Structure formats: C-alpha cells, structure tokens
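Just so it is clear, the structure is predicted and the values come from calculations on it, not from any experiment.
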Amino acid sequence: MSLLKPFSRLPGLNSANILLVEREEQFQQSLADVLVEETTFTVNVRLAKSLPLPMENEESRPRIDLVVFIINLTSELSLQSAEASLKSLDPGYFLGKVCFMVTNARSAAAPIERLDVARKLAASLYCPLLFAEDQTPDGVTNATERLLTILKVAAGLVPMATSLYLSNLTRSTVPPDIEQPSFN
C-alpha cells in the first residue's frame with residue numbers, strides 16, 4: 001500500500017484531474033458524466049470505491065488535483081469506507097485538495113448522528129463539506145458546478161488563488177452545540 005501524493009507528478013496544461021471516491025457508486029457515475037462535459041478546460045475523472053488505489057498502474061496515473069469523498073448518509077458502510085480511505089492519502093492533500101460531498105441529507109432514513117460524524121470529520125481535517133441532491137438532474141448539475149469551482153483552484157487554473165486559501169474560506173466548522181448532549 002502506498003500513499004497517494006499530491007505533488008508526485010507534474011500538472012497537465014489546462015487540465016485538471018479529480019478522483020471521486022464512493023462506496024456505492026450511485027451518485028459517482030452521474031457526477032462524472034456531467035464533469036467531463038466541462039468545455040473551458042479538460043477534466044479527467046477517476047473513479048474509485050475506496051483507497052488505496054491499485055499498484056499495477058501507479059506509474060501511468062496522472063497527478064490527482066482533488067479527491068472527493070462522496071458519503072451517502074443512508075449507508076453506514078459509505079461513511080466507514082470514507083473514514084478508512086483517508087489513511088491512504090498523503091497529509092499534503094489536506095492542504096486544500098480534499099473535500100467531502102454528502103448525499104441524502106434530507107432523507108428520513110438518514111440518522112442525524114451520521115451527519116454529525118461527517119461534519120466532525122470534515123471540520124477536523126479542515127476540508128469543505130458539500131451537500132448534494134443526487135435524485136434530480138438539477139441537483140447533479142449544482143453539485144458539479146460547486147466541484148468545478150474547487151477543482152479549478154486546486155488544479156492551479158485560477159490566477160492569484162491557491163487551494164489552501166480556498167480551503168480556509170470553505171472549510172467546514174462544527175458549531176459548539178453539536179458537542180453538547182441533547183436534552184430531548
């Protein structure tokens with residue numbers, strides 16, 4: 001097992017590489033289809049169920065500019081997989097090149113505790129936490145637009161902006177009341 005490192009390869013000219021990590025692969029493919037339609041720059045999308053990535057094609061793997069962990073709140077396995085996969089990332093990725101995207105936050109089947117765990121995870125790693133609606137085409141399009149904004153900065157395609165700076169502006173924070181016991 002080797003760590004995925006953010007600066008092990010040179011960046012591509014006018015292109016960006018994004019790695020979508022989702023255990024169930026429900027939202028991953030529809031998001032990837034919309035991402036590759038971007039026309040102002042080339043977006044290369046890589047899909048994975050979990051990390052670490054296989055060793056057999058490591059020498060031909062491009063530099064990954066942004067890693068997105070997609071967490072389906074209706075599945076405990078999805079959250080556990082994301083937490084386990086974090087160990088396979090080099091600490092350099094947590095300087096603005098990782099974000100979390102949560103789906104099914106509005107679902108009645110999603111326990112509020114999983115949302116709290118996802119919020120705490122993103123806050124503890126100083127990473128953005130995005131919420132996405134995966135059931136409608138408009139939701140997928142909106143999620144794609146938010147990811148493209150972060151990806152452009154992470155890939156160095158926005159002058160005078162760095163992913164670390166953007167990370168400080170968009171990072172997730174945990175409100176003080178989330179740590180307090182509920183009196184319900």
F27 and N72: CA distance, side-chain angles, deciding distance, side chain to side chain contact (heavy atoms under 4.5 Å, CB included) verdict: CA-CA 9 Å; F27 183 48; N72 181 351; over 6 Å; no
Rounded to the nearest 0.5 Å, what separation is found between the [atom1] atom of [X] and the [atom2] atom of [Y]?
{"X": "I70", "Y": "F100", "atom1": "CD1", "atom2": "CZ", "value": "12.0 Å"}
{"X": "L79", "Y": "L73", "atom1": "CG", "atom2": "CG", "value": "7.5 Å"}
{"X": "L151", "Y": "F41", "atom1": "CG", "atom2": "CZ", "value": "5.0 Å"}
{"X": "L86", "Y": "C127", "atom1": "CG", "atom2": "SG", "value": "8.0 Å"}
{"X": "S50", "Y": "Q80", "atom1": "OG", "atom2": "CD", "value": "12.5 Å"}
{"X": "L95", "Y": "L164", "atom1": "CG", "atom2": "CG", "value": "5.5 Å"}

What are the two closest heavy atoms between [X] and [Y], and how far apart are they?
{"X": "G92", "Y": "P6", "answer": "C-CG, 3.7 Å"}
{"X": "A154", "Y": "G96", "answer": "CB-O, 4.2 Å"}
{"X": "R61", "Y": "P54", "answer": "NH2-O, 2.6 Å"}
{"X": "A122", "Y": "L129", "answer": "CB-CB, 3.9 Å"}
{"X": "A155", "Y": "A16", "answer": "CB-CB, 3.6 Å"}

Would you check if the side chain of [X] reaches a backbone N or O of [Y] as a donor-acceptor pair within less than 3.5 Å?
{"X": "S85", "Y": "L51", "value": "yes"}
{"X": "Q28", "Y": "A48", "value": "yes"}
{"X": "N17", "Y": "D65", "value": "no"}

Are [X] and [Y] grouped together when hydrophobic residues (ILVMFWY) are joined by side-chain heavy atoms under 4.5 angstrom apart?
{"X": "L47", "Y": "L147", "result": "yes"}
{"X": "L20", "Y": "V102", "result": "no"}
{"X": "L66", "Y": "V34", "result": "yes"}
{"X": "V153", "Y": "F94", "result": "no"}
{"X": "L121", "Y": "V67", "result": "yes"}

Trace of the side chain to side chain contact (heavy atoms under 4.5 Å, CB included) decision for D134 with S30: CA-CA 9 Å; D134 62 343; S30 59; over 6 Å; no
Flag side-chain contact, heavy atom, 4.5 Å: S81 against E24: no
Any pair counted as side chain to side chain donor-acceptor pair (under 3.5 Å), so long as it reaches residues 142-162, sequence neighbours left out: none
L13 atom CG: more than 12 heavy-atom contacts under 6.0 Å: no
Identified side chain to side chain contact (heavy atoms under 4.5 Å, CB included) counterpart of E38 within the set T40, L35, T42: T40
Residues L53, L19; criterion side chain to side chain contact (heavy atoms under 4.5 Å, CB included); working and verdict: CA-CA 10 Å; L53 296 175; L19 176 63; 4.3 Å; yes
Salt bridge (Lys or Arg N to Asp or Glu O under 4.0 Å) partners of residues 96-115, not counting sequence neighbours, each pair once: E76-R114
